[in-house]
Amino acid sequence: MSDQIVIIGAGVMGCASAVRLRQAGFEVLLLERALPGAESSAAAAGILGAQSEVSQAGAFLELCLASRARFRDLCQELTEITDIDIGYEESGVLEVALDPAEGRLAAGRAEWMLDRGLNVELLDREDARKLEPALTEQMIGANYYPDDHQVDSVLLGKALAAAAQRLGARFESGRTVLGIESHQGRVTGVETAEGLIPAGRVVVAGGAWSSRLHGLPPLRTKVKPMAGQIAQLDTRPPLFRHVAYGFSGYVVPRADGRVLLGSTLEDRGFDKAVTAGGLHRILGMGITMIPGLAEARIDQTWSGLRPATEDGSPILGRGSLEGLFYATGHYRNGILLTAITADLIRDLLLEQEPELNISEFAP
Ligand SMILES: Cc1cc2nc3c(=O)[nH]c(=O)nc-3n(C[C@H](O)[C@H](O)[C@H](O)COP(=O)(O)OP(=O)(O)OC[C@H]3O[C@@H](n4cnc5c(N)ncnc54)[C@H](O)[C@@H]3O)c2cc1C
């Protein structure tokens, strides 16, 4: 039986897992159909929204908080290994309420966060505009989450791939895995168009394509693509500093003046089209929250496929075949969850008790 670990997919999940597994001494082979980090991971806005993105207390919130807390160190570690700065910025997030109904929702959200002991400030319009003068005068107020931050997801994907390679992981790009091979309840390898690659342990990190592999045992939930469009604007000098997170989209300012407006949530299979309707919605949302953006130049647009699950939770843990592991289905929060997922995958492969209870995310 081969001792190497095969990882299917070299997005942030596959590459970050490869980094941690190499550091733990495993032989790692990443099989990537296209280009490492170029799918959903490169499309993301990069919000580390453990508070802005989560709707209630519970296991998912704890997973998000644990991951957010690791990003400052991860950024430093990746810079040391690769010289790539992933653009980790402690910019904070303002959740903007534009009308009384949104104001009530925001207040309700602040309540459970305060009960959990998280940092939240409820700002009225005046205080929110003092903190971020570019915000619209039309808003009611905003919840300020000073601990939610951002990274540049394109750079995160590149840095993780470079780090995995520097640490000795092998990459085969342009290699499509067709399915998992197993014998008597044990993984024996993966089938590719070019033949079988033997492996005693396999990590499924194929993003939105994860459920398409043959030979997988039935899963708690399927993974399916959920498209999201982004428009990137160019503001020079930068117009604002904080992530503005609204009830129908978000606006993410990078330090260099780029501004990302996102995103749609579209259930239309593996179609990555950027559409007139999609852009209309996200541009309208952005200009409503930050009126000054109306003058900004459009730089580029794109869309990506989030790996969505039916119950909204990731698929994380040991599969029902011996030697099969999953790091997929992270839906809207895969950038945020990169750090903790990779650590958990390392713990599982070392057969150590994971540091968090992840039974809720079991495959
Ligand atoms: C518009 C948009 C905005 C987002 N914003 C945020 C955000 O602000 N914050 C956040 O935390 N998350 C965000 N996300 C979500 C985040 O991007 C994803 O959850 C995360 O990137 C998933 O990473 P992954 O490695 O699982 O998937 P991917 O990056 O899609 O990587 C999977 C890889 O597997 C490869 N693959 C698939 N099948 C096979 C196969 N059979 N053989 C070989 N290779 C295969 C693919 O080519 C791909 O490279 C956003 C997503 C989108 C689309």
Side-chain angles (χ1 to χ4, degrees), residues 6-18 29-50 52-54 64 67-68 71 93 148-154 156-157 160-161 171-180 190-193 197 202-216 223 225-232 243 245 249-252 260-266 270 272 274 278 282 301-309 314-316 326-342:
V6 164
I7 300 180
I8 305 172
V12 287
M13 291 305 159
C15 291
S17 300
L29 171 63
L30 280 134
L31 300 177
E32 168 54 50
R33 195 193 49 184
L35 196 64
E39 284 291 350
S40 188
S41 300
I47 306 169
L48 305 176
S52 41
E53 274 280 329
V54 179
C64 290
S67 205
R68 186 181 70 181
F71 261 87
V93 171
D148 271 1
H149 302 309
Q150 60 162 302
V151 293
D152 184 321
S153 5
V154 174
L156 176 67
L160 288 169
F171 280 81
E172 287 190 22
S173 296
R175 268 280 219 175
T176 301
V177 176
L178 304 173
I180 310 287
V190 296
E191 184 201 349
T192 71
I197 298 179
V202 170
V203 179
V204 176
W209 296 266
S210 296
S211 287
R212 291 183 135 192
L213 297 165
H214 305 307
L216 287 180
V223 186
M226 194 63 90
Q229 302 182 39
I230 296 229
Q232 180 172 293
V243 173
Y245 193 98
Y250 48 73
V251 186
V252 182
L260 277 66
L261 272 57
S263 178
T264 56
L265 269 180
E266 297 163 86
F270 289 91
K272 287 198 287 185
V274 173
I282 53 183
T301 61
W302 63 81
S303 91
L305 302 173
R306 304 175 186 88
T309 56
I315 302 175
L316 182 51
Y326 291 83
T328 190
H330 294 80
Y331 192 31
R332 293 170 59 112
N333 300 112
I335 299 300
L336 166 64
L337 291 171
T338 302
I340 185 76
T341 299

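Note that the structure is a prediction, hence the values are computed from the model and not measured. Order of listing sets the numbers, starting from 1, for every ligand and every atom in it.
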So, applying side chain to side chain contact (heavy atoms under 4.5 Å, CB included) with Leu160, which one of Ser41, Cys15, Ser17 is it?
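Single side chain to side chain contact (heavy atoms under 4.5 Å, CB included) partner of Leu160 among Ser41, Cys15, Ser17: Cys15.
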Salt bridge (charged side-chain N to carboxylate O under 4.0 Å, His left out) partners of residues 331-342, not counting sequence neighbours, each pair once:
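Applying salt bridge (charged side-chain N to carboxylate O under 4.0 Å, His left out) to every pair that reaches into residues 331-342, excluding sequence neighbours, yields Glu53-Arg332.
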Side chain to side chain contact (heavy atoms under 4.5 Å, CB included) partners for Glu172, two or more places apart
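With sequence neighbours excluded, Glu172 shows a side chain to side chain contact (heavy atoms under 4.5 Å, CB included) to Leu29, Leu31, Arg170, Arg175, given in chain and number order.
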Residues which pass side chain to side chain contact (heavy atoms under 4.5 Å, CB included) with Val54, listed by chain and number, not counting sequence neighbours
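Here the qualifying residues are Phe60, Leu61, Cys64, Trp112.
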So, for Pro307 and Ser40, which heavy atoms are closest and what is the spacing to 0.1 Å?
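Scanning both residues, the minimum pair turns out to be CD-OG, 4.0 Å.
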Ligand 1 polar-atom proximity to protein (N/O, under 3.5 Å):
unit_1, atom_1, unit_2, atom_2, d
ligand 1, 5 (N), Ala45, N, 3.2
ligand 1, 8 (O), Gly46, N, 3.1
ligand 1, 8 (O), Ile47, N, 2.9
ligand 1, 9 (N), Ile47, O, 2.9
ligand 1, 11 (O), Asn333, O, 3.4
ligand 1, 11 (O), Ile335, N, 3.0
ligand 1, 11 (O), Leu336, N, 2.8
ligand 1, 12 (N), Arg332, O, 2.8
ligand 1, 12 (N), Gly334, N, 3.4
ligand 1, 12 (N), Ile335, N, 3.4
ligand 1, 17 (O), Ser40, O, 3.2
ligand 1, 17 (O), Ser40, OG, 3.1
ligand 1, 19 (O), Tyr331, O, 2.8
ligand 1, 19 (O), Gly334, N, 3.0
ligand 1, 21 (O), Ser41, N, 3.3
ligand 1, 21 (O), Ser41, OG, 3.0
ligand 1, 23 (O), Ser41, OG, 3.4
ligand 1, 25 (O), Val12, N, 3.2
ligand 1, 25 (O), Met13, N, 3.1
ligand 1, 29 (O), Ser41, N, 2.9
ligand 1, 29 (O), Ser41, OG, 2.5
ligand 1, 30 (O), Ser40, N, 3.2
ligand 1, 41 (N), Val177, O, 2.8
ligand 1, 42 (N), Val177, N, 2.9
ligand 1, 44 (N), Arg33, N, 3.0
ligand 1, 47 (O), Glu32, OE2, 2.6
ligand 1, 47 (O), Arg33, NH2, 3.1
ligand 1, 49 (O), Glu32, OE1, 2.7
ligand 1, 49 (O), Glu32, OE2, 3.0

Any donor and acceptor pair, going by atom type alone, linking the side chain of Thr341 with main-chain N or O of Leu337 inside 3.5 Å?
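Judged by distance alone, yes, a pair lies under 3.5 Å.
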